[in-house]
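Written out below as structure tokens is the structure these notes cover.
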Amino acid sequence: EESISVQDLAHQLGKKATEVIKKLMVLGYMATINQELDIETVMIIAEEFGATVEVKTSKEDELFAEIEESPENLQNRPPVVTIMGHVDHGKTSLLDKIREANVTATEAGGITQHIGAYQVESNGQKITFLDTPGHEAFTAMRARGAEVTDIAILVVAADDGVMPQTVEAIHHAKAAEVPIIIAINKMDKPDSNADRIKQELTEYNLISEEWGGDTIMVPVSALTGDGIGTLLEMILLVSEVQELKANPDRNARGIVIEAELDKGRGPVATLLVQSGTMKIGDFLVVGTTQGRIRAMLDYKGRNIKTAGPSAPVEILGLSDVPSAGDDFIVADNEKLAKQVAERRQNERHHKEITSRNKISLDDIFARI
Ligand code: GTP
Ligand code: MG
């Protein structure tokens with residue numbers, strides 16, 4: 001049972017339906033006697049009447065249950081990398097150069113990046129880059145409990161050094177327990193000094209390998225492309241140590257990278273698949289919304305039919321626009337997807353109401 005009508009709930013509580021309806025009104029809900037109430041509402045109402053509710057596991061709970069994957073089902077997945085750093089230190093230039101270096105001759109000039117993430121290949125291995133500007137998006141996602149990044153590239157301009165946002169980025173990456181690779185950028189500039197950067201970073205316990213520490217620091221130039229090959233190699237090296245794995249043979253789960261309402265196409269969301277494989281036609285819950293995947297595009301804007309672990313994809317077919325950092329999960333059928341989305345909407349509604357009405361509710365009960 002995922003829901004219960006007002007009438008049945010009243011019966012179970014040994015109350016009149018009108019009493020339950022009155023309580024619901026106080027909580028900001030207009031309900032009829034036959035209205036189905038979700039579990040959260042039932043729990044709140046029951047509590048109001050001094051009763052407790054025992055919840056049995058449902059299809060929904062099963063959907064969200066953490067799956068203990070047996071090792072034989074796990075396969076290596078590409079690392080997901082975020083680039084952080086102080087303003088103007090070259091984050092965008094570096095992302096552009098990395099992408100450029102991976103564009104084949106036939107594509108050159110013909111490809112413009114489509115979504116806020118892309119993949120490159122180095123030595124036949126893929127790397128996913130999130131194009132989120134700086135650490136703001138990173139922080140926003142973490143605040144929502146979304147851990148998407150496997151490796152943080154911290155860009156420090158060799159002609160400028162460690163700056164406030166560099167320090168902030170270090171703190172964020174450390175709090176998230178994400179390994180940091182330092183890209184000492186702008187090495188082409190005559191006044192660049194990599195040793196000075198290494199020196200400054202020791203203050204934050206980031207000691208370069210040459211100096212006996214364990215932080216990888218790669219001198220690069222986003223202008224000339226020097227050092228970028230080494231940087232990609234180092235990313236793969238770190239990811240190998242991390243043993244990043246996922247089971248591709250199950251319903252996809254992951255995180256929303258960005259989303260917007262497109263005039264012609266409706267809600268459009270960029271998703272990062274974290275495990276499983278997503279397919280055209282899948283039903284999914286995304287945050288508090290849901291839908292069925294009508295079309296799926298890769299970062300080059302090409303139509304694709306499936307997307308596996310660590311792949312960034314743009315999807316069409318959601319009924320509403322989700323938020324960056326929302327989770328998504330593929331459900332076996334439409335009914336379940338809709339049910340979960342509806343329940344989550346109710347939950348959010350409750351949270352809004354209880355925070356908004358906190359004082360007035362207390363006042364009401366004080367007067368009773
Ligand atoms: P914000 O997004 O504003 O935080 O900046 P950003 O970190 O993305 O820096 P961006 O890539 O926009 O680069 C800032 C400036 O530095 C631009 O004028 C770039 O052309 C220049 N720049 C970036 N990388 C290099 C480099 O390796 N060498 C040189 N000489 N200039 C660079
Ligand atoms: Mg930028």
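Being a predicted model, the structure only gives us computed values, none of them experimental. First listed ligand is number 1; within each ligand, the first listed atom is number 1.
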For ligand 1 and Met187, I'd like to know whether there is a polar contact (N/O to N/O, distance under 3.5 Å). no
Salt bridge flag under 4.0 Å for residues Glu19 and Lys16: no
Going by the closest heavy atom to atom 12 (O) of ligand 1, which one wins out of Asp226, Thr92, Asp159? Thr92
Are Lys338 and Glu342 ion-paired here, with the side-chain N under 4.0 Å from a carboxylate O? no
Counting heavy atoms under 4.0 Å, the part of Asp188 that contacts ligand 1 is side chain
Would you please classify the geometry between the Tyr204 ring and the His171 ring as parallel, tilted or perpendicular, with 30° and 60° separating the classes? perpendicular
For Ala222, atoms of ligand 1 separated by under 4.0 Å from a heavy atom: 24 (N), 26 (C), 27 (O)
Side chain or backbone, does Leu223 bring an N or O within less than 3.5 Å of an N or O on ligand 1? yes
Using 2.8 Å as a strict upper limit, say whether an N, O or S atom of Ser93 approaches the Mg ion (ligand 2) that closely. no
Which is closest to atom 7 (O) of ligand 1 by heavy-atom distance: Gln165, Lys97, Lys186, Lys91? Lys91
Any donor-acceptor N or O pair under 3.5 Å, side chains His89, Asp160: yes
Could you list the atoms of ligand 1 found under 4.0 angstrom from a heavy atom of Asn185? 24 (N), 25 (C), 27 (O)
In terms of side-chain geometry, is the basic nitrogen of Arg344 or Asp327 positioned less than 4.0 Å from the acidic oxygen of its partner? yes
Can you find a side-chain donor-acceptor pair between Gln7 and Ser5 that sits under 3.5 Å? no
Could you list which atoms of ligand 1 come closer than 4.0 Å to a heavy atom of Lys189? 30 (N)
Output, in order, the C-alpha distance, side-chain angles, deciding distance and verdict of salt bridge (Lys or Arg N to Asp or Glu O under 4.0 Å) for Lys198 and Glu209. CA-CA 10 Å; Lys198 288 178 188 170; Glu209 287 185 309; over 6 Å; no
